[in-house]
Amino acid sequence: MQYKADSVEEYLKAIPEERRLVMEKLRETIVSNLPKGFQEGISYGMIGWVVPHSIYAPGYHCDPKLPLPFMSIASQKNFVALYHMGVYADKKLYDWFVFEYPKHVKTKLDMGKSCIRFKKPENIPFELIGELVSKMTPHQWIDLYEANLKSK
């Protein structure tokens, strides 16, 4: 689901009350662990973090006017979603996350390429997510992004 919001605050006000606290906690977990340089805002109708043009002038290859996307969180109809492009692009990071997840959550991991879905907010492993988001700086993401672009 996409919410009509021009700011993070508007997004949080627009989502259902029962999701607001968990989304605020998820956002705080990310903000307090994400390496410096990423910029928070609304990206693709979600709360997102990007590498701004001031750090990576070329921007996103699909639309260079946009900054390079890295991560987003969203309150979807049936789940809370965490989109982390580094997990999708870095096999070692993906493998680490898949290995660590069962140590934090008893339920099966529900994950797509870059999307991690949490159907029960009480199962969100905040500590693990904090560790995940701390593992990649903007410059590491740029290097990985460019390496993956060149290999295609």
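- D90 places no side-chain N or O within donor-acceptor distance of the main-chain N or O of G86, the cut-off being under 3.5 Å.
- In this structure, Y145 and H61 have tilted ring planes: the angle between them lies in the 30° to 60° band.
- The minimum heavy-atom distance between P67 and P52, with the atom names listed, is CB-CA, 4.1 Å.
- H139 contributes no side-chain N or O that, together with a main-chain N or O of I55, makes up a donor-acceptor pair within less than 3.5 Å.
- Between the CG atom in L34 and the CD atom in Q39 there is a gap of 12.0 Å [rounded to 0.5 Å].
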With salt bridge (charged side-chain N to carboxylate O under 4.0 Å, His left out) as the criterion, how do K13 and E10 come out once you've worked through the C-alpha distance, each side chain's angles and the decisive distance to 0.1 Å? CA-CA 5 Å; K13 286 179 185 172; E10 283 181 23; over 6 Å; no
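- The CD1 atom of I15 lies 11.0 Å from the CD atom of Q76; values are rounded to the nearest 0.5 Å.
- Every pair passing salt bridge (charged side-chain N to carboxylate O under 4.0 Å, His left out) that includes a residue from residues 25-42 is listed here, sequence neighbours excluded: R27-E40.
- Take K91 and apply the salt bridge (Lys or Arg N to Asp or Glu O under 4.0 Å) test, not counting sequence neighbours, and it matches D95.
- For K103, the side-chain contact (heavy atoms from CB on, under 4.5 Å) partners are F99, E100, not counting sequence neighbours.
- Placement of M85 and V31 within a single hydrophobic cluster is found when ILVMFWY residues are connected by side-chain heavy-atom separations under 4.5 Å, directly or transitively.
- For the atom pair Q140 CD and F70 CZ, the distance stands at 9.0 Å (nearest 0.5 Å).
- Taking CD of E9 as the start and CD1 of I42 as the end, the distance is 8.5 Å to the nearest 0.5 Å.
- Of the possible polar contacts, none joining the W96 side chain to the L132 backbone as a donor-acceptor pair under 3.5 Å is found.
- When side chains are defined from C-beta on, L12 counts as touching V8, because their heavy atoms get closer than 4.5 Å.
- Note: the hydrophobic cluster containing L82 does not contain V50 (ILVMFWY, side chain heavy atoms under 4.5 Å, direct or indirect links).
- Note that the CZ atom of F97 and the CD atom of E131 stand 10.5 Å from one another [nearest 0.5 Å].
- Ring geometry, Y44 versus Y60: the interplanar angle exceeds 60°, so the pair is classed perpendicular (tilted spans 30 to 60°).
- Minimum interatomic distance between S75 and Y11 (heavy atoms only, all atoms of both residues): N-OH, 2.9 Å.
- For the pair Y94 and V87, the tightest heavy-atom approach, listed with the atom from each and the gap, is CB-O, 3.4 Å.
- A distance-only check finds a donor-acceptor pair linking the side chain of R19 to the backbone of F79 [under 3.5 Å].
- Residues W49 and I73 are in side-chain contact: their nearest non-hydrogen atoms beyond the backbone lie under 4.5 Å apart.
- Y101 is linked by a side chain to side chain donor-acceptor pair (under 3.5 Å) to nothing, counting only residues two or more places apart in sequence or in another chain.
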Could you list the donor-acceptor pairs under 3.5 angstrom formed by side chains in residues 117-130, with sequence neighbours left out?
from	atom 1	to	atom 2	distance (Å)
R117	NE	D110	OD1	3.0
R117	NH2	D110	OD1	3.0
K119	NZ	D110	OD2	3.1

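- The line from CE of M136 to CG of L93 is 5.0 Å long, rounded to the nearest 0.5 Å.
- Nearest heavy atoms, P35 versus V133: CD-O, 3.2 Å.
- The nearest pair of heavy atoms linking W141 to P69 is NE1-O, 3.0 Å.
- Contact between P64 and P58 at its shortest, heavy atoms only, is CB-O, 3.5 Å.
- Looking at L109 and I116, their side chains come closer than 4.5 Å, going by heavy atoms from C-beta outward.
- Under the side-chain contact (heavy atoms from CB on, under 4.5 Å) criterion, D63 pairs with K65, L66, sequence neighbours left out.
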